[in-house]
Amino acid sequence: MSTRHSAASQTADATRDFAADVEYYLTLQPRQLPSRYFYDALGSALFDAICELPWYRITQAEIGLLERYGQTIFAHAGAVSRMVELGSGNGEKLKTLVEAARPRRRELALHLIDVSPTALDRASRALDMLDGVRIVTHASTYEVGLAEVASETDAGGRTLALFLGSNIGNFDRPDGDAFLRGFRGALGRGDTLLVGADLIKPERELLLGYDDPLGVTAAFNRNLLVRINRELDGAIDLDGFAHRVVWNEVESRVEMHLVSLRRQRMFVAAAHVDFIMEEGETIWTESSYKYRPAGVVEMLEDAGFRAIEQWVDAANSFALTLVGVA
Ligand code: AVI
């Protein structure tokens with residue numbers, strides 16, 4: 001009874017936060033919506049589909065590196081008793097790494113932190129098939145999940161934390177720095193962190209990765225409006241918006257926007273939103289920063305980590321960087 005009550009009140013809190021963010025960000029100039037709201041059940045499924053697209057190479061490049069260098073990663077990480085993955089998605093990468101490389105000596109606690117309960121369910125099912133693991137899920141923001149992990153009494157071994165998939169690229173530099181410092185604070189001396197980061201590549205390739213010919217990424221972007229209509233009693237006309245992707249070279253980021261195709265009323269009852277959007281006006285829904293390998297190391301060192309090793313794939317498209325807590 002009490003569990004059901006607290007699940008219901010958590011949903012109510014999440015809806016209230018969503019409404020407050022929609023009201024705040026949609027009325028900023030330029031208009032925005034935070035990309036963390038992409039990941040409802042449909043959004044998570046669309047993201048999984050994006051990871052299968054031949055034009056979005058992040059997932060395959062990263063899995064190749066994890067398979068190839070997994071044993072070296074574990075050798076650097078020492079006697080790992082706990083792994084923590086932030087933004088675990090469907091759990092495929094964590095599974096790849098554990099299967100490819102874990103020394104089978106002790107029980108391994110796998111902590112999965114993700115805002116999407118659907119993604120956590122799927123990841124738990126995928127990881128449950130592994131021997132000798134205990135799965136702990138945290139359906140929360142990264143910060144809350146990390147605080148929960150940090151407060152847990154440790155079994156004595158080291159923690160190997162994972163922040164993969166170029167999730168770091170969805171933070172701007174100051175927020176990313178604050179986040180990485182918080183991440184470092186949640187880890188202990190001798191723990192390690194593995195970060196996956198997408199690298200700068202020719203503009204055409206970057207744009208294709210975020211504006212695929214099948215329209216899956218466009219659906220992922222527009223689903224944010226579907227979610228607002230459903231959860232916040234909105235009346236936004238989906239046909240009034242198109243998916244637009246821009247490579248912002250100065251800021252080194254791919255931006256996704258929703259462009260208003262005509263002058264139209266934006267009405268979202270539960271978010272107290274009621275304004276007119278002009279034709280051509282956009283809502284900025286996501287930034288995906290792209291890096292140089294040395295820039296990733298610098299960013300992590302600035303946040304107080306110690307660089308251990310970096311691996312880049314043969315196409316120079318993606319980097320895995322392992323850092324430690326001194
Ligand atoms: C989750 N994140 C790292 C993805 C990215 O590449 O920024 C989300 C995404 N957006 C469009 N395609 C994929």
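Predicted model, so just to flag it, every value in this text is computed and none were measured.
- Taking the side chain as every heavy atom from C-beta outward, Glu92 and Leu66 never approach each other to under 4.5 Å.
- Here the two rings, on Phe220 and Phe38, have centers that are under 6.0 Å apart.
- Annotation for Arg36: atom CZ counts as buried by contact number, over 12 foreign heavy atoms lying within 6.0 Å.
- Across all non-hydrogen atoms, the minimal contact from Ala126 to Asn90 is CB-O, 4.0 Å.
- The closest side-chain heavy-atom distance from Glu309 to Leu320 is not below 4.5 Å.
- Not one N or O on the side chain of Asp121 forms a donor-acceptor pair closer than 3.5 Å with the backbone of Thr118.
- Below 30°, between 30° and 60°, or above 60°: for Tyr142 and Phe179 the angle between ring planes is between 30° and 60°, a tilted geometry.
- Judged by distance alone, the side chain of Arg82 and the main-chain N or O of Val149 form a donor-acceptor pair under 3.5 Å.
- Side-chain atoms of Asp212 do not come within 3.5 Å of backbone N or O of Trp55 as any donor-acceptor pair.
- Arg68 CZ: 12 or fewer foreign heavy atoms inside a 6.0 Å radius.
- No continuous path of hydrophobic side-chain contacts links Val195 to Ile63 [ILVMFWY only; heavy atoms under 4.5 Å].
- Between Leu322 and Ile73, the shortest heavy-atom contact is CD2-O, 4.2 Å.
- Taking all atoms of both residues into account, the shortest heavy-atom contact from Phe241 to Ile236 is CE1-CG2, 3.6 Å.
- Surrounding CZ of Arg292 are at most 12 heavy atoms belonging to other residues, nucleotides or ligands under 6.0 Å away.
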### Message
The test is side-chain contact (heavy atoms from CB on, under 4.5 Å); show your working for Ile276 and Gln264 and say whether it passes.
### Response
CA-CA 6 Å; Ile276 298 294; Gln264 58 184 312; over 6 Å; no
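- In the model, His111 has no side-chain atom that pairs as donor or acceptor with a side-chain atom of Glu85 under 3.5 Å.
- Side-chain N or O atoms of Ser260 include one that pairs as donor or acceptor with a backbone N or O of Arg262 at under 3.5 Å.
- Closest approach of Ala139 and Leu120 over heavy atoms only: CA-CD1, 3.4 Å.
- Proximity of a side-chain donor or acceptor of Asp21 to a complementary backbone N or O of Pro34 within less than 3.5 Å is not detected.
- For the atom pair CZ of Arg227 and CG of Asp40, the computed distance is 5.0 Å after rounding to the nearest 0.5 Å.
- Side-chain N or O atoms of Asp191 include one that pairs as donor or acceptor with a backbone N or O of Gly188 at under 3.5 Å.
- Between Val296 and Gln310 there is a side-chain heavy-atom pair separated by less than 4.5 Å.
- In summary, Asp177 and Arg173 do not engage in a salt bridge, as defined by a charged side-chain N under 4.0 Å from a carboxylate O.
- A donor-acceptor contact shorter than 3.5 Å is absent between the side chain of Glu231 and the backbone of Thr15.
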### Message
Determine whether Phe163 and Val84 satisfy the following criterion, side-chain contact (heavy atoms from CB on, under 4.5 Å), listing intermediate values before the conclusion.
### Response
CA-CA 9 Å; Phe163 196 44; Val84 180; over 6 Å; no
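- You'll find the side chain of Thr192 stays beyond 4.5 Å of the side chain of Arg158, heavy atoms only.
- Ser140 places a side-chain N or O within donor-acceptor distance of the main-chain N or O of Gly145, the cut-off being under 3.5 Å.
- Just one of Met256, Gln32, Glu255, Arg222 meets the side chain to side chain contact (heavy atoms under 4.5 Å, CB included) condition when paired with Thr285; it is Met256.
- Contact check for Thr217 versus His243: side-chain heavy atoms found under the 4.5 Å cut-off.
- Using modelled atom types, one finds no donor on one side chain facing an acceptor on the other under 3.5 Å when comparing His272 with Glu23.
- Linking Ile, Leu, Val, Met, Phe, Trp and Tyr residues whenever their side-chain heavy atoms come within less than 4.5 Å places Val226 and Phe18 in a single cluster.
- Two different hydrophobic clusters hold Phe267 and Leu238 under the rule that ILVMFWY side chains link at heavy-atom gaps under 4.5 Å.
- When all heavy atoms are compared, the tightest approach of Ser166 to Tyr289 is OG-O, 4.4 Å.
- Proximity of Asp198 to Glu62: side-chain heavy atoms (C-beta onward) are nowhere separated by under 4.5 Å.
- To the nearest 0.5 Å, the span separating CD on Glu148 from CD1 on Ile113 amounts to 7.5 Å.
- Taking CG of Asp131 as the start and CG of Leu108 as the end, the distance is 11.5 Å to the nearest 0.5 Å.
- Judged purely by atom type and a 3.5 angstrom limit, Lys201 uses its side chain to pair as donor or acceptor with the backbone of Leu199.
- When hydrophobic clusters are built by joining Ile, Leu, Val, Met, Phe, Trp and Tyr residues whose side-chain heavy atoms come closer than 4.5 Å, directly or via intermediates, Val80 is grouped together with Leu127.
- Val115 and Leu162 fall into different hydrophobic clusters, where Ile, Leu, Val, Met, Phe, Trp and Tyr side chains are chained together by heavy-atom contacts under 4.5 Å.
- For Arg125, there are no side-chain hydrogen bond (donor to acceptor under 3.5 Å, both in side chains) partners at least two apart in sequence or on another chain.
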### Task
List the steps and the verdict of side-chain contact (heavy atoms from CB on, under 4.5 Å) for Ile200 and Tyr291.
CA-CA 5 Å; Ile200 298 169; Tyr291 305 89; 5.7 Å; no
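- Between the NZ atom of Lys95 and the OG atom of Ser88 there is a distance of 14.5 Å, given to the nearest 0.5 Å.
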### Task
Give the intermediate values and the outcome of side-chain contact (heavy atoms from CB on, under 4.5 Å) for residues Glu286 and Val254.
CA-CA 8 Å; Glu286 187 183 62; Val254 174; over 6 Å; no
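- For the pair Thr282 (side chain) and Val259 (backbone), a donor-acceptor distance under 3.5 Å is absent.
- Considering NZ of Lys290 and CZ of Phe318, their distance stands at 8.5 Å, rounded to 0.5 Å.
- Surrounding CD of Glu251 are more than 12 heavy atoms belonging to other residues, nucleotides or ligands, all under 6.0 Å away.
- For the residue pair Asp128/Ser124, the side-chain donor-acceptor check at 3.5 Å is not satisfied.
- To the nearest 0.5 Å, atom CG of residue Leu146 and atom CZ of residue Arg184 are 13.5 Å apart.
- Annotation for Tyr24: hydrophobic cluster partners, listed by chain and number, are Tyr25, Leu28 (ILVMFWY side-chain heavy atoms under 4.5 Å, direct or chained).
- Checked for salt-bridge contact, Arg263 and Glu278 meet the test: a charged N lies under 4.0 Å from a carboxylate O.
- Side-chain contact check for Arg134 versus Val136: some heavy-atom pair is nearer than 4.5 Å.
- The two residues Val312 and Ala319 have their closest heavy-atom pair at CG2-CB, 4.0 Å.
- Between Tyr56 and Tyr210, the ring planes lie perpendicular to each other; the angle is over 60°, past the 30° to 60° tilted range.
- Between Leu97 and Met83 the shortest side-chain heavy-atom distance falls below 4.5 Å.
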